[in-house]
2 protein chains.
Amino acid sequence: MHATDDEQPRDLRTRRKLETREAIGAAALRLAIEQGPDGLALVRVRDIAEAAGVSPRTYNNYFSSREEAICAFQADRARRLGRILRARPADEPLEEALTAAVIEHAIPPPDRAGLRMIMETPELEGEALKAFALAERPLAEAIAERTGTDPDRDLYPNVMAAAVAAAVRVAGRHWVTGDGSEPFADVLRRALAHILPAVTRKE
Amino acid sequence: MHATDDEQPRDLRTRRKLETREAIGAAALRLAIEQGPDGLALVRVRDIAEAAGVSPRTYNNYFSSREEAICAFQADRARRLGRILRARPADEPLEEALTAAVIEHAIPPPDRAGLRMIMETPELEGEALKAFALAERPLAEAIAERTGTDPDRDLYPNVMAAAVAAAVRVAGRHWVTGDGSEPFADVLRRALAHILPAVTRKE
DNA sequence: CCACAAATTGCGTGCCACGCACTTAGTGCG
DNA sequence: CGCACTAAGTGCGTGGCACGCAATTTGTGG
């Protein structure tokens with residue numbers, strides 16, 4: 001009864017498709033990092049396509065904007081959170097399950113340069129926010145399943161999901177801003193500790 | 001020592017400028033609502049400009065995308081939150097001050113059709129998320145001021161600001177999704193109640 | 001082996017963001 | 001009360017991008 005099912009296909013075609021998508025996304029991010037936050041306009045579509053070994057037309061079969069391509073990896077990563085939470089044992093308290101899921105979600109830690117690039121570039125930040133927001137829905141569903149609430153009717157699971165996503169986002173920003181000596185997982189734990197006391201169900 | 005100062009100018013020029021900006025934003029939103037979430041592509045720049053009684057070139061002196069123009073009112077509204085919180089009495093407990101600020105911020109309640117349009121249109125939602133994220137910084141600064149923390153070093157004020165913004169956002173979505181019988185302020189209160197218990201300072 | 005489906009590509013079209021230069025309108029000072 | 005100065009509005013030209021369409025290549029299944 002999953003609302004989001006990401007099957008892992010053995011189909012050759014589908015695998016190629018995934019590969020090209022990742023190739024384009026990786027190329028886009030790499031070029032963006034090379035140019036830096038202020039040179040985003042210099043990253044042309046044809047450059048991305050060429051770097052990915054693909055035609056410009058194909059690039060935009062997969063993405064409808066450069067921002068989307070650059071943030072693809074982050075979007076895919078964010079989508080994992082809900083699934084990971086579902087995989088936690090059902091009898092685990094929500095607070096622990098959430099923490100564990102978020103930490104597990106951060107393995108391996110995201111590419112620091114990439115995250116930094118995205119967080120420091122306004123246009124990319126917007127796209128990243130969209131990615132985070134998209135991840136909230138499956139997360140809310142997973143939370144609802146654990147708490148016996150309904151994401152379509154109740155505020156609780158949606159607020160919790162949004163708050164957790166917000167904490168992860170802030171933690172990421174903090175991590176890329178600092179000197180990086182503190183492990184990402186630790187920053188995540190601290191950020192979550194600020195909002196998790198609010199898991200108290202009241203309705 | 002404000003980081004964001006929105007002066008209210010009596011200058012004729014500046015007033016005209018503000019009027020133009022609002023005229024364009026209002027026209028953009030109105031046209032978008034007319035076309036509905038699926039007809040966003042039909043809202044051309046020249047239509048917006050014409051409806052606002054201004055040249056297309058002028059339109060894009062103010063906004064660099066239709067989405068930005070359509071969501072301008074929401075962005076301006078979001079920016080108010082930090083200022084409102086600062087205006088609350090300094091001795092008021094953070095939890096109460098936050099609630100009061102958010103409620104006050106919702107007066108007058110936002111245009112339901114506009115909010116609905118924005119929430120139901122993916123491209124606009126992205127822009128709205130950016131607006132919310134932009135409002136987080138001044139909010140975090142206001143929270144930091146109240147709690148004696150530093151938004152540049154500490155996680156706490158940033159996490160709290162993001163969580164509050166997230167709650168407001170979710171409340172807004174819930175409000176426009178439902179039948180609207182419940183006042184927006186009540187939805188806000190309920191949403192905040194889920195995260196405000198987390199105001200416990202731990203570091 | 002063959003028909004079918006799906007992905008890649010080239011081409012053409014309409015739209016848009018933005019730099020530049022010019023005009024028009026407000027402002028402040030002598 | 002003009003007069004220089006500044007700032008906003010505007011027209012035009014350019015480069016770039018998203019996307020529909022149709023042809024081609026590349027897997028897939030009977």
Side-chain angles (χ1 to χ4, degrees), chain A residues 7-29 31-32 35 37-72 75 121-124 126-127 130, chain B residues 7-29 31-32 35 37-72 75 121-124 126-127 130:
Chain A
E7 281 302 322
Q8 188 159 319
R10 38 171 64 13
D11 199 291
L12 209 184
R13 273 205 188 136
T14 328
R15 248 181 302 150
R16 293 252 188 221
K17 200 173 173 177
L18 255 177
E19 281 172 17
T20 40
R21 181 189 163 85
E22 284 178 11
I24 298 175
L29 181 60
L31 292 180
Q35 297 297 335
D38 296 330
L40 214 181
L42 301 184
V43 180
R44 308 254 204 282
V45 163
R46 58 168 173 277
D47 301 329
I48 301 176
E50 192 175 355
V54 97
S55 94
R57 188 60 183 85
T58 299
Y59 144 85
N60 116 340
N61 282 341
Y62 286 90
F63 304 105
S64 51
S65 75
R66 286 164 313 193
E67 294 80 7
E68 194 183 338
I70 297 175
C71 298
T121 310
E123 291 120 311
L124 296 184
E127 191 64 31
K130 231 165 72 181
Chain B
E7 281 302 321
Q8 188 159 320
R10 48 193 22 57
D11 198 291
L12 209 186
R13 272 201 190 143
T14 330
R15 249 182 300 150
R16 294 254 189 219
K17 199 173 176 177
L18 254 177
E19 282 172 16
T20 326
R21 181 188 162 85
E22 284 179 12
I24 298 175
L29 180 60
L31 292 180
Q35 297 297 333
D38 296 331
L40 213 179
L42 300 184
V43 181
R44 308 252 200 278
V45 163
R46 59 169 171 276
D47 301 329
I48 301 176
E50 192 175 354
V54 98
S55 94
R57 187 61 183 84
T58 299
Y59 144 86
N60 118 354
N61 280 343
Y62 286 90
F63 304 105
S64 52
S65 77
R66 283 163 311 180
E67 294 80 7
E68 194 182 337
I70 297 174
C71 298
T121 310
E123 291 119 311
L124 296 183
E127 192 63 32
K130 230 165 74 182

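A note on names: the letters A, B, ... follow the listed sequences, proteins ahead of strands, and every chain is numbered from 1.
Interface residues of residues 41-54 of chain B facing DNA chain C, ordered by number: R44(B), V45(B), R46(B); criterion, heavy-atom separation under 4.0 Å.
When all heavy atoms of I70(B) and A32(B) are compared, the closest pair comes out as CD1-CB, 3.7 Å. Shortest non-hydrogen contact noted between G25(B) and F63(B) is N-CE1, 4.2 Å.
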Show me, pair by pair, the donor-acceptor contacts under 3.5 angstrom made by side chains of residues 46-57 of chain A, not counting sequence neighbours?
unit_1, atom_1, unit_2, atom_2, d
D47(A), OD2, R44(A), N, 3.1
S55(A), OG, R57(A), N, 3.2
S55(A), OG, T58(A), N, 3.1
S55(A), OG, T58(A), OG1, 3.3
R57(A), NH1, N60(A), OD1, 2.8
R57(A), NH1, N61(A), OD1, 2.8

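The distance from the CD atom of E19(B) to the CG atom of L12(B) is 8.5 Å, given to the nearest 0.5 Å. Taking CG of L29(A) as the reference point, atom CZ of R66(A) lies at 14.5 Å (rounded to 0.5 Å).
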Candidate pair Q35(A) and L31(A), rule side-chain contact (heavy atoms from CB on, under 4.5 Å), full reasoning: CA-CA 6 Å; Q35(A) 297 297 335; L31(A) 292 180; 5.6 Å; no
Stepwise side-chain contact (heavy atoms from CB on, under 4.5 Å) test for L18(A) and T14(A): CA-CA 6 Å; L18(A) 255 177; T14(A) 328; 5.7 Å; no
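Contact of the L40(A) side chain with the E123(A) side chain is registered, since non-hydrogen atoms from C-beta on lie closer than 4.5 Å.
Side-chain nitrogen and oxygen atoms of T58(A) include none within less than 4.0 Å of the OP1 or OP2 phosphate oxygen of dT8(C). OP1 or OP2 of dA17(C) has not a single side-chain nitrogen or oxygen of S65(B) nearer than 4.0 Å.
Contacts of E67(B) classified as side-chain hydrogen bond (donor to acceptor under 3.5 Å, both in side chains), with partners at least two apart in sequence or in another chain: S65(B).
Although no hydrogens or angles enter the test, the distance criterion places no donor-acceptor pair under 3.5 Å between the side chain of Y62(B) and the main chain of A69(B).
First and last contacting nucleotides of DNA chain D toward chain A (any atom under 4.0 angstrom from a heavy atom, 5' to 3' order): dG16(D) to dT28(D).
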Sequence-aligned protein contact record of nucleotides 18-30 of chain C, with B where the base is within under 4.0 Å of a protein heavy atom and S where only the sugar-phosphate is: BBB----BBS---
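Direction change of the helix axis from one end of the helix from dC1(C)-dG30(D) to dG30(C)-dC1(D) to the other is 30°, with five pairs defining each end axis (rounded to 10°).
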